Participant: 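Quick one: structure below, then a few questions.
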Amino acid sequence: MSSPQATLPDDQPEHRYNAALADRIETAWQDRWDADGTYETPNPVGPLSEGFAEVADAKKLFVMDMFPYPSGAGLHVGHPLGYIATDVFARYKRMTGFNVLHTMGYDAYGLPAEQHAVATGQHPLINTEANIATMRRQLRRLGLGHDPRRSVSTTDREFLEFTQRIFLRIFNSWYDPTAVNRLGGPGRARPISELLESYRTGGRRSADGRPWAELSEQEQRSLIDAQRLVYVADVPVNWCPGLGTIVANEEVTADGRSDRGNFPVFKRNMRQWLMRITAYADRLVDDLDLVSWPEPVRLMQRNWIGRSVGARVRFTTAAGDIEVFTTRPDTLFGATFMVLSPEHPMVDALTAESQKSAVDAYRSAAASKTDIDRQDEGRAKTGVALGASATNPVNGEQIPIWIADYVLMGYGTGAIMAVPSGDQRDFEFARQFGLPIVATIAPPQAWFDTQGVEPSLDTAAWKQAYTGDGPVVQSQNTTLVLDGMNKAEAVAATITWLQQHGHGAATVQTKLRDWLFSRQRYWGEPFPIVYDDYGPVALPDAMLPVDLPETDQFAPRSFDANDSASEPERPLDRLAEWKHVTLDLGDGSGARALVRETNVMPQWAGSCTYYLRYIDPTHVESLSVEENQRYWMGENGVDLYVGGVEHAVLHLLYSRFWHKVLFDLEEVHTPEPFGRLFNQGYIQAPAFTDQRGIYVEASEVTEHGGQFMHDGQPVKREFGKIGKSLKNMVSPDEMYQAYGADTLRLYEMSMGPLEQSKPWDTRAVSGSLRLLQRIWRVVVDETSGEVRVTDAQPTTPDLRALHSTIAGVRDSMDALRLNTPIARITELTNHLTSTYPAGAPSVLAEPLVLMVAPFAPHLAEELWMRLGHTQSLVREPFPILDPSMLVSDTVAVPVQINGKLRTVLTVAAGSTGAQLEAAALADERVSSALVGRTIKKVVVVPGKMVNLVVG
RNA sequence: GCCCGGGUGGCGAAAUGGCAGACGCAGCGGACUCAAAAUCCGCCGCCGCAAGGCGUGCCGGUUCAAGUCCGGCCCCGGGCACCA
């Protein structure tokens with residue numbers, strides 16, 4: 001693509017606003033802002049409280065960006081989109097009287113730094129700190145108004161201590177579903193000491209009913225540990241011996257191998273740390289009503305948690321009870337068979353001798369199938385009968401038990417009752433294998449009509465299952481009569497009956513699973529946990545932080561790639577002196593030999609609660625100072641949180657979970673961390689592929705007559721997310737050099753709606769530079785450098801232009817519609833430059849400068865100073881709208897005939913409907929169009945429009 | 001297949017149900033200049049000499065009036081994978 005004009009001709013006016021001048025202005029103002037502490041925001045109390053008295057009456061505003069991972073590649077122009085938007089918003093809010101907290105941190109634990117360390121043998125901290133320094137430089141050059149004192153990294157020692165401290169709060173808690181929480185709803189986390197006390201005093205007993213005192217120490221510890229919000233359990237994971245770590249589903253290829261290294265991956269159970277996020281499933285769903293977030297994100301979280309209300313039903317078999325989960329207990333009389341997942345633990349016990357070989361074959365076929373294979377199978381149902389039956393609790397019928405891979409072990413109980421008349425998958429399965437289909441809900445006439453089928457309860461003619469509502473039929477026994485009820489009534493009646501007869505109970509099922517919290521890596525937060533003979537023990541807060549020990553071996557131990565039984569050996573396992581310690585935990589046991597936990601926390605840990613660090617960045621004695629936290633979090637938490645939609649589920653769900661635990665423990669005081677969320681779009685850029693389909697460096701591609709060429713060869717243009725992988729990076733550094741930071745800021749904000757993805761076009765940046773040049777010329781003479789504003793009085797059209805701009809800008813800022821205010825500012829600028837080519841009245845130039853300040857702060861500060869002000873404009877009041885200035889003597893009123901525009905009348909403001917109608921009819925273009933036609937109706941909206949309906 | 005977005009000039013985009021295309025990029029014409037750059041002035045949806053007609057993915061509907069509301073479909077982007 002064409003490269004930006006880095007230099008401009010030599011003979012341009014000496015004081016023209018160009019890249020070189022912008023660079024001088026921007027650098028100077030950045031230095032002055034730093035020196036003056038312009039963006040330092042005071043806390044109510046503590047070390048950062050200086051100056052708070054001056055803003056004590058202002059409203060607070062806490063603005064946050066999703067903090068970045070400090071990548072080695074530095075920034076590209078896609079990164080700052082959200083950062084500029086929050087900065088524009090924060091600057092606008094400062095100018096409208098808010099005390100604004102805005103800073104930026106770094107989410108610096110993570111895999112790329114570890115892999116770099118493995119490759120180079122250099123400690124990841126060295127590389128991480130260098131990357132942070134680069135990003136800080138690039139962001140500072142952008143002129144972001146961040147409080148530098150609050151800029152933290154998750155790897156800072158104080159931050160590490162903070163993260164470990166929160167971990168211990170969660171570890172030392174359990175979830176009491178019967179307790180009333182601070183919002184008055186059911187369920188809250190309570191200190192583990194209260195659970196212990198309840199056992200000690202006899203309020204609770206072990207599962208087998210023995211009192212606390214009769215339990216062994218091991219039994220006591222296990223009983224408590226099993227109920228913590230952080231616990232150890234065997235869970236199915238993707239174990240990759242070749243890498244020596246567990247890998248995520250998305251890192252496993254379709255043929256069951258690791259993304260990196262292409263090693264085999266084995267699904268097996270392994271002891272892992274988990275966080276009990278499922279305890280909060282209901283509140284995580286319900287409290288989405290408390291936040292103003294984009295509806296799609298709330299929907300994604302609801303779907304991810306996947307709450308469905310239904311019942312558990314027990315079916316008896318010769319080998320014991322099988323429990324199923326169903327959302328449709330009302331259709332129980334239509335359950336004509338049962339399907340287990342191939343991995344269900346009771347399959348072996350239920351399989352008849354005659355079916356053994358078929359079942360084994362099906363099971364191994366299902367196990368070896370990849371997701372891709374299953375997908376290719378399309379809709380055809382497969383399965384094998386076990387040769388056993390179960391008793392349907394409502395009618396005593398013996399129904400056959402099958403296994404099929406459409407039933408998943410990971411959801412519900414891994415077993416379903418199949419109701420083919422009311423579930424399409426069960427219907428297809430029944431048709432495939434000739435199983436009975438019994439209708440229990442009578443479909444309406446309309447349904448049969450759309451099917452083209454004669455209405456009948458004889459399902460032989462049905463083409464598909466009926467999943468809708470309708471009167472229940474064929475559903476009664478001696479103690480339960482559902483016939484005639486609707487769906488909701490029948491669900492309730494069935495659940496009551498199941499409970500009374502001991503066959504089941506109402507339950508809520510979620511898709512959400514507990515959060516796997518341990519990683520077999522080096523570059524993460526160590527757990528503040530040691531083990532004694534009975535299990536894990538929390539370190540006391542006074543022993544925090546647990547620092548990462550020094551080493552130069554950062555990779556986990558890898559094993560023979562096929563050794564599926566191998567056990568992970570983590571980097572910290574090799575550090576025997578660190579791992580084996582003698583400590584006095586202060587619990588009365590004295591100094592004793594203990595073993596440290598050698599897993600580390602996942603990268604999510606650091607991003608869960610970093611907003612609390614921004615509030616009190618140096619504080620370590622507790623999570624934060626309550627007065628500061630209550631001030632900044634207010635009623636609704638962070639006032640604006642901006643980031644990419646890719647974090648819609650995981651980060652935001654984990655963060656909400658931790659916050660809710662801390663809320664229950666009265667460490668924080670809002671039910672939700674982020675009151676308002678905004679997702680910015682991506683910046684996309686052209687990317688080019690050669691004839692082999694390989695990406696080529698986009699900056700080296702040239703265009704000749706509509707044909708894109710690279711290295712003499714034609715290449716194909718695509719569009720994609722800007723970045724390294726598509727070789728279409730555009731660095732902000734290039735933009736600073738060619739245009740200046742203010743132009744880059746203005747361009748990114750003017751590209752289009754913030755939430756939309758949009759293509760980068762370096763050529764179009766010049767339009768933003770030209771606007772800033774015109775604003776510059778409103779104030780400064782390009783040749784002499786003299787300030788050229790005048791004392792002239794503004795005219796009525798001037799004031800109308802000014803105030804319509806004020807109205808347009810103010811209207812859009814709160815909603816983060818940041819592209820249209822720039823258009824309004826452009827209009828005002830064009831009005832001033834064409835009306836006053838030799839210098840505009842200062843009463844117009846000053847508000848123009850103030851309005852552009854959030855977008856182009858350096859330029860605005862410079863002009864403000866040249867206009868004679870000695871104070872920074874950062875806290876100068878934003879121009880205020882005088883609505884009377886928008887009132888005009890005349891208005892333009894469109895006249896339509898049959899809805900089509902015919903003319904526009906200029907009439908006196910406040911004309912009545914009758915006057916408008918008369919004026920319209922008197923218009924020549926209207927009357928000529930009306931020749932030979934009759935007016936049937938006249939619609940007049942006074943001040944707005946006239947529409948003549950003619951025959 | 002399901003869920004979530006989105007389809008408006010050559011391009012990025014504006015538009016509380018009330019003048020479609022504000023503002024900008026690119027382009028075209030003119031002024032200034034020896035020339036160019038910069039700047040300034042003007043043009044710039046499509047068809048048509050014009051009058052006028054047609055235009056917001058497609059087909060219908062509601063309305064005096066639809067880019068906007070309703071129903072159905074098509075295409076593009078993102079997410080999920082038989083969730084009982």
Side-chain angles (χ1 to χ4, degrees), chain A residues 5 8-13 16 18 294-297 299-300 303-304 306 308 310 324-328 331 339 341 371 374-375 377-379 381 404-408 410-419 422-426 428-429 509-511 645-646 648-649 679 681-682 684 719-720 746-747 750-753 755-768 770-771 773-774 777 782 808 811 817 819-827 829-830 833-834 837 892-904 936-941 943-950:
Chain A
Q5 292 291 311
L8 291 160
D10 300 331
D11 59 344
Q12 62 175 270
R16 169 160 298 168
N18 56 26
E295 193 50 38
V297 176
L299 201 62
M300 277 190 264
N303 291 343
W304 185 267
S308 40
V324 304
F325 171 74
T326 177
T327 54
R328 298 293 307 275
T331 62
V339 186
S341 148
D371 291 349
R374 290 192 186 191
Q375 184 179 338
E377 266 185 282
R379 326 212 87 221
K381 291 280 176 285
D405 60 9
Y406 78 92
V407 176
L408 308 175
Y411 181 74
T413 62
I416 62 161
M417 63 179 217
V419 183
D423 181 284
Q424 185 58 25
R425 287 156 307 163
D426 297 347
E428 288 167 21
F429 194 86
Q509 184 67 43
T510 61
K511 285 191 257 183
V645 74
E646 69 271 21
V649 177
N679 297 121
Y682 298 116
Q684 301 177 312
F719 266 88
L746 191 69
Y747 174 64
S750 68
M751 288 172 81
E755 66 276 16
Q756 264 175 40
S757 291
K758 49 233 156 188
W760 180 261
D761 180 5
T762 296
R763 283 184 310 180
V765 180
S766 59
S768 298
R770 287 205 278 258
L771 172 60
Q773 286 176 328
R774 287 201 297 280
R777 276 200 301 273
E782 287 186 326
D811 263 4
R817 287 192 305 264
N819 49 330
T820 51
I822 296 170
R824 300 289 86 78
I825 289 169
T826 307
E827 285 168 335
T829 305
N830 292 349
T833 51
S834 60
V893 174
V895 179
Q896 301 172 344
I897 294 178
N898 284 349
K900 275 188 191 157
L901 181 72
R902 285 297 145 179
T903 189
V904 179
K936 297 208 302 210
K937 185 174 177 182
V938 179
V939 180
V940 183
V941 182
K944 276 284 191 187
M945 50 75 61
V946 177
N947 190 14
L948 304 170
V949 186
V950 303

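None of these values were measured; they are calculated from a predicted model.
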Participant: Applying side-chain hydrogen bond (donor to acceptor under 3.5 Å, both in side chains), can you list everything that pairs with A:S341, at least two apart in sequence or on another chain?
Facilitator: A:E343
Participant: Just the rounded figure in Å: distance from C1' of B:G12 to CD1 of A:I822.
Facilitator: 13 Å
Participant: Please figure out whether A:D426 or A:R902 has its closest RNA chain B nucleotide nearer the 5' end.
Facilitator: A:R902
Participant: Syn or anti for B:G9, taking syn as within 90° of 0?
Facilitator: syn
Participant: Could you tell me whether the side chain of A:T413 reaches within less than 4.5 Å of the side chain of A:Q509, counting heavy atoms only?
Facilitator: no
Participant: For nucleotides B:G24 and B:A35, find the distance between their P atoms and express it as a whole number of Å.
Facilitator: 29 Å
Participant: Can you list everything that forms a ring-ring contact (aromatic ring centres under 6.0 Å, His included) with A:F429? Sequence neighbours excluded, please.
Facilitator: A:F337, A:W402, A:Y406, A:F433
Participant: Please list, chain by chain and in numerical order, all residues satisfying side-chain hydrogen bond (donor to acceptor under 3.5 Å, both in side chains) with A:R777, sequence neighbours excluded.
Facilitator: A:E782
Participant: Where the side chain of A:R774 is defined as all heavy atoms beyond and including C-beta, which of B:A20, B:G24, B:C82 is the nearest nucleotide?
Facilitator: B:G24
Participant: Taking the side chain as every heavy atom from C-beta outward, state whether A:V939 and A:Q896 have any atom pair closer than 4.5 Å.
Facilitator: no
Participant: Taking only the P atom of each, what is the distance from B:C74 to B:G45 in whole angstrom?
Facilitator: 34 Å
Participant: Starting from the C-alpha separation in whole Å, work towards a yes-or-no answer on side chain to side chain contact (heavy atoms under 4.5 Å, CB included) for A:Y411 and A:I416.
Facilitator: CA-CA 10 Å; A:Y411 181 74; A:I416 62 161; over 6 Å; no
Participant: What is the per-nucleotide protein-contact pattern of nucleotides 42-47 of chain B, from the 5' end, where B denotes a base atom under 4.0 Å from a protein heavy atom, S denotes such proximity for sugar-phosphate atoms only, and - denotes neither?
Facilitator: ------
Participant: Check salt bridge (charged side-chain N to carboxylate O under 4.0 Å, His left out) between A:R425 and all other residues, then give those that pass, not counting sequence neighbours.
Facilitator: A:D423
Participant: For A:Q756, answer base if it contacts any base atom (sugar-phosphate contacts may also be present), sugar-phosphate if it contacts only those atoms, and nothing otherwise; contact means non-hydrogen atoms under 4.0 Å.
Facilitator: sugar-phosphate
Participant: Classify A:P837 by what it touches in the nucleic acid, base, sugar-phosphate, or nothing, heavy-atom distance under 4.0 Å.
Facilitator: nothing
Participant: To the nearest 0.5 Å, tell me how far A:D405 CG sits from A:K381 NZ.
Facilitator: 8.5 Å
Participant: Between B:C19 and B:C25, how many Å separate the two C1' atoms, rounded to a whole number?
Facilitator: 25 Å
Participant: What contact category does A:S750 fall into here, base, sugar-phosphate, or nothing, at under 4.0 angstrom with non-hydrogen atoms?
Facilitator: nothing
Participant: Quick one: list whatever passes salt bridge (charged side-chain N to carboxylate O under 4.0 Å, His left out) with A:E755, sequence neighbours left out.
Facilitator: none
Participant: Taking all non-hydrogen atoms of both residues, which atom of A:V419 and which atom of A:D426 are closest, and how far apart?
Facilitator: N-OD2, 3.0 Å
Participant: Ignoring the backbone of A:T326, work out which of B:A14, B:A20, B:A84 is nearest its side chain.
Facilitator: B:A84
Participant: Rounding to an integer number of angstrom, what distance separates B:C76 and B:U8 when you compare their C1' atoms?
Facilitator: 15 Å
Participant: Pick out which of A:N830, A:T829, A:T826 makes a side chain to side chain donor-acceptor pair (under 3.5 Å) with A:R774.
Facilitator: A:N830
Participant: Suppose you measure atom P in B:G60 against the same atom in B:G55; what distance do you get, rounded to whole Å?
Facilitator: 12 Å
Participant: Taking only N and O in the side chain of A:R770, is any of them less than 4.0 Å away from OP1 or OP2 of B:A38?
Facilitator: no
Participant: Stem list for RNA chain B, please, built from Watson-Crick and G-U wobble pairs under 3.5 Å and keeping only runs of at least 3.
Facilitator: B:1-7 with B:74-80, B:10-12 with B:23-25, B:27-31 with B:39-43, B:45-47 with B:52-54, B:57-61 with B:69-73
Participant: Please name all residues satisfying side chain to side chain contact (heavy atoms under 4.5 Å, CB included) with A:N898, sequence neighbours left out, ordered by chain then number.
Facilitator: A:R933, A:V949, A:V950
Participant: The side chain of A:P296 is closest to which nucleotide in this list: B:C4, B:A13, B:U39?
Facilitator: B:C4
Participant: With 3.5 Å as the limit, what N/O pairs link the protein to nucleotides 15-17 of chain B?
Facilitator:
residue, atom, partner, partner atom, Å
B:U16, O4, A:K944, NZ, 3.2

Participant: Atom CD of A:Q773 to atom C1' of B:U39: distance rounded to whole Å?
Facilitator: 10 Å
Participant: How would you label the contact of A:S834 with the nucleic acid (heavy atoms, under 4.0 Å): base, sugar-phosphate, or nothing?
Facilitator: sugar-phosphate
Participant: Suppose you measure atom P in B:G10 against the same atom in B:G61; what distance do you get, rounded to whole Å?
Facilitator: 29 Å
Participant: For RNA chain B, whose closest nucleotide is more 5', that of A:N819 or that of A:R824?
Facilitator: A:N819
Participant: To the nearest angstrom, how far is A:F429 atom CZ from B:C83 atom C1'?
Facilitator: 17 Å
Participant: Please determine if a side-chain N or O atom of A:N18 lies less than 4.0 Å away from the OP1 or OP2 oxygen of B:A38.
Facilitator: no
Participant: Could you work out, with side chain to side chain contact (heavy atoms under 4.5 Å, CB included) as the rule, every residue matching A:N679, not counting sequence neighbours?
Facilitator: A:P294, A:V297, A:V645, A:L677
Participant: Reckon A:R777 has a side-chain N or O less than 4.0 Å from the OP1 or OP2 of B:A38?
Facilitator: no
Participant: Given the C1' atoms of B:A22 and B:G72, what is the spacing between them in whole Å?
Facilitator: 34 Å
Participant: Could you state the atom-to-atom distance from CH2 of A:W760 to P of B:A26 in whole Å?
Facilitator: 15 Å
Participant: Taking the side chain of A:K900 as heavy atoms from C-beta outward, which of B:C19, B:A26, B:C54 is closest to it?
Facilitator: B:C54
Participant: Out of B:C4, B:C83, B:C19, which has the shortest distance to the side chain of A:L299?
Facilitator: B:C4
Participant: Among the candidates B:A22, B:A84, B:G24, find the nucleotide nearest to the side-chain atoms of A:A823.
Facilitator: B:A22
Participant: Base, sugar-phosphate alone, or nothing: which one does A:K758 contact when heavy atoms must sit under 4.0 Å apart?
Facilitator: sugar-phosphate
Participant: Taking side chain to side chain contact (heavy atoms under 4.5 Å, CB included) as the definition, give me every residue that meets it alongside A:S750, ordered by chain and number, with sequence neighbours left out.
Facilitator: A:Y747, A:S768, A:I822
Participant: When you get a sec, tell me which of B:G12, B:A84, B:C23 is the closest nucleotide to the side chain of A:P759?
Facilitator: B:G12
Participant: Check whether any side-chain nitrogen or oxygen of A:Y406 sits under 4.0 Å from OP1 or OP2 of B:A84, and answer yes or no.
Facilitator: no
Participant: Got a second to check how far A:R824's CZ is from A:N819's CG, nearest 0.5 Å?
Facilitator: 9.5 Å
Participant: Under 3.5 Å, which protein N or O atoms sit close to an N or O of nucleotides 64-66 of chain B? Give each pair with its distance.
Facilitator:
residue, atom, partner, partner atom, Å
B:C64, O2', A:N947, ND2, 2.9
B:C64, O2, A:N947, ND2, 2.9

Participant: On the nucleotide B:A84, are OP1 or OP2 found under 4.0 Å from the side-chain N or O atoms that A:S308 carries?
Facilitator: yes
Participant: Taking atom CD of A:Q773 and atom OG of A:S766, what is their separation to the nearest 0.5 Å?
Facilitator: 9.5 Å
Participant: Quick one: does A:K758's side chain have a donor or acceptor within less than 3.5 Å of a partner on A:P753's backbone?
Facilitator: yes
Participant: What interatomic distance, in whole Å, is found between C1' of B:G57 and the corresponding atom of B:C75?
Facilitator: 7 Å
